[in-house]
Amino acid sequence: MNEKYEVVIGLEIHAQLKTDSKIFCACSTKFGGEPNANTCPVCLGLPGALPVLNRRVVDLAGRAALALNLNINHESIFSRKNYFYPDLPKGYQISQYDRPFSEHGWVEIPTAERNESGHAIEWRNKRFRITRLHIEEDAGKSLHEGMSDTTRSYVDLNRSGVPLAEIVSEPDFRSSWEAYDYMQYLRRTLQYIDVCDGNMEEGSLRCDANVSVRLRGAEKFGTRVELKNLNSFRFLQKAIDFEVERQIETIEAGGKVVQETRLWNERESKTYAMRSKEEAHDYRYFPEPDLPPLCVDEHFIGQLQSEMPELPEALRQRFISQYGLSLDDAGQLTEMRALAEYFEATTRACGNAKAAANWILNELLRELKNTGVEIVASPVSSASLGGMIKLIDEGSISGKMAKDVLIEMYRSGKPVDEVVREAGGSQLSNEDELQVLAEKAVAANPKQLEQYRAGKTSLFGFFVGQVMKLSGGRANPQVVNDVLRRILESSSESR
Ligand SMILES: [Zn+2]
């Protein structure tokens with residue numbers, strides 16, 4: 001990128017609130033139904049039908065607002081946003097305009113530029129301001145089929161009236177990666193507090209980005225272009241990068257950036273113009289006459305506050321300070337609330353947080369990914385994994401053997417004791433054989449032997465470990481203990 005220029009990005013994120021029914025009627029919000037199956041006179045916009053606000057929408061929007069440090073207004077107003085579009089049956093969308101549900105929020109999150117291969121260069125914390133979060137209904141969906149002159153268009157109104165929170169940021173982002181990290185954070189947070197399922201393919205979370213460039217040091221913003229419907233994290237990041245380069249090239253060539261809406265084309269890896277941007281007044285906002293002002297009191301807000309779970313960023317910080325985990329490990333483990341809970345339960349079961357983190361991140365997650373299973377449905381319970389780590393720490397099984405144990409637990413769903421007992425058939429319990437291995441282990445470590453003789457009896461575990469290693473993790477720990485004790489005692493007596 002040309003260093004003369006500075007990038008300015010603002011994000012508008014639409015998050016579908018996780019309700020069973022729509023915002024102003026009782027129709028289902030379930031995804032994937034027959035086109036137009038989930039509709040009624042209200043969401044079809046038939047004359048005379050009246051909206052009634054779904055209370056659950058207010059609960060969820062309130063929770064999201066608190067998680068993003070927004071002030072919830074005691075009174076907010078629903079407004080009509082007028083525009084004509086085939087998938088908008090009423091000819092307007094019920095949204096909020098000059099008196100939104102909540103305002104003046106912020107998040108402070110780790111963010112980093114990435115190198116060519118996508119690796120973070122240096123993480124640092126940055127604060128991004130959030131202008132507002134307001135409540136609105138979604139529009140329907142137009143589907144186009146066929147090519148040019150034979151194109152047919154259809155309208156599906158199942159989405160019409162699905163509740164959304166629109167989260168508008170200040171233009172605080174200075175790179176595509178900052179936008180990327182913010183979007184990731186928002187998705188994780190909304191999932192944590194159970195407000196939005198975050199499913200971008202199904203459209204539960206959508207992002208529009210306002211992108212402009214200006215000469216470094218300039219105060220005035222450049223002309224901004226809106227990138228619409230960026231429905232994956234990669235698209236968001238790539239589309240912004242492309243758009244920044246395009247705008248700089250335009251200016252450098254003596255041209256002017258035009259204010260417009262552009263779409264990202266993934267196949268061609270470029271953006272193209274969709275329509276010139278309407279000014280805000282084109283929407284002719286006015287208060288919705290069929291809905292009273294939305295009033296919430298301090299008691300309601302206090303109630304929401306008391307029900308708020310620990311947020312991912314706080315949780316990540318706690319994992320680092322309480323368990324001594326690395327930033328990366330803590331970040332991965334707090335990616336999903338269920339995963340964080342699984343990690344803490346495993347740690348409680350074994351008392352070894354670092355081992356728990358390693359086994360979950362390196363082994364268990366791989367198995368889950370290979371079999372397409374979610375952590376909540378893991379065939380290996382946290383108690384079993386914790387039990388297994390305990391056996392390793394006690395020297396009862398080797399790390400190598402534990403890998404097989406884990407895979408067997410995963411395959412069979414059996415608890416750790418049972419798997420280890422069944423694997424006992426292959427365990428080496430023959431005293432003569434173990435005697436040979438133990439003598440070998442002692443002979444190979446004369447320095448430790450001397451220290452042991454000198455009274456450093458804590459080295460006993462070290463020798464157990466050596467024998468385990470020589471046996472490929474198959475030695476019966478009880479027999480090893482007996483044999484070793486005999487050898488070490490006798491050698492100190494014979495001295
Ligand atoms: Zn309906």
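Keep in mind it's a predicted model, so treat the numbers as computed, not measured. Hydrogens, waters and symmetry mates are skipped; everything else that's a heavy atom, side chains included, is used. In each ligand, atom 1 is the first atom listed, and ligand 1 is the first ligand listed. If you read the sequence from its start, that first residue is 1, and numbering goes on from there.
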(Q) For the Zn ion (ligand 1), which protein N/O/S atoms fall under 2.8 Å? Skip waters. (A) C25 SG, C27 SG, C40 SG, C43 SG
Q | Check: F173 ring centroid to Y182 ring centroid under 6.0 Å | A |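 Under 6.0 Å, so yes.
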Q: Using side-chain hydrogen bond (donor to acceptor under 3.5 Å, both in side chains) as the criterion, list what pairs up with T29, not counting sequence neighbours.
A: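 Listed in chain order: nothing, the list is empty.
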Q.
Applying side-chain hydrogen bond (donor to acceptor under 3.5 Å, both in side chains), can you list everything that pairs with R124, at least two apart in sequence or on another chain?
A.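 So R124 forms a side-chain hydrogen bond (donor to acceptor under 3.5 Å, both in side chains) with E178.
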Q.
Which heavy atom of C207 sits nearest to which heavy atom of I13, and what is that distance?
A.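 Result for this residue pair: SG-CG1, 4.0 Å.
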Q.
Does E201 form a side chain to side chain donor-acceptor pair (under 3.5 Å) with N231? I'd like the steps, not just the answer.
A. CA-CA 7 Å; E201 286 109 75; N231 62 356; over 6 Å; no
Per-pair distances, 0.1 Å, donor-acceptor, side chain in residues 56-69, under 3.5 Å, sequence neighbours excluded:
from	atom 1	to	atom 2	distance (Å)
R63	NH1	I193	O	2.5
N69	ND2	W106	O	2.7

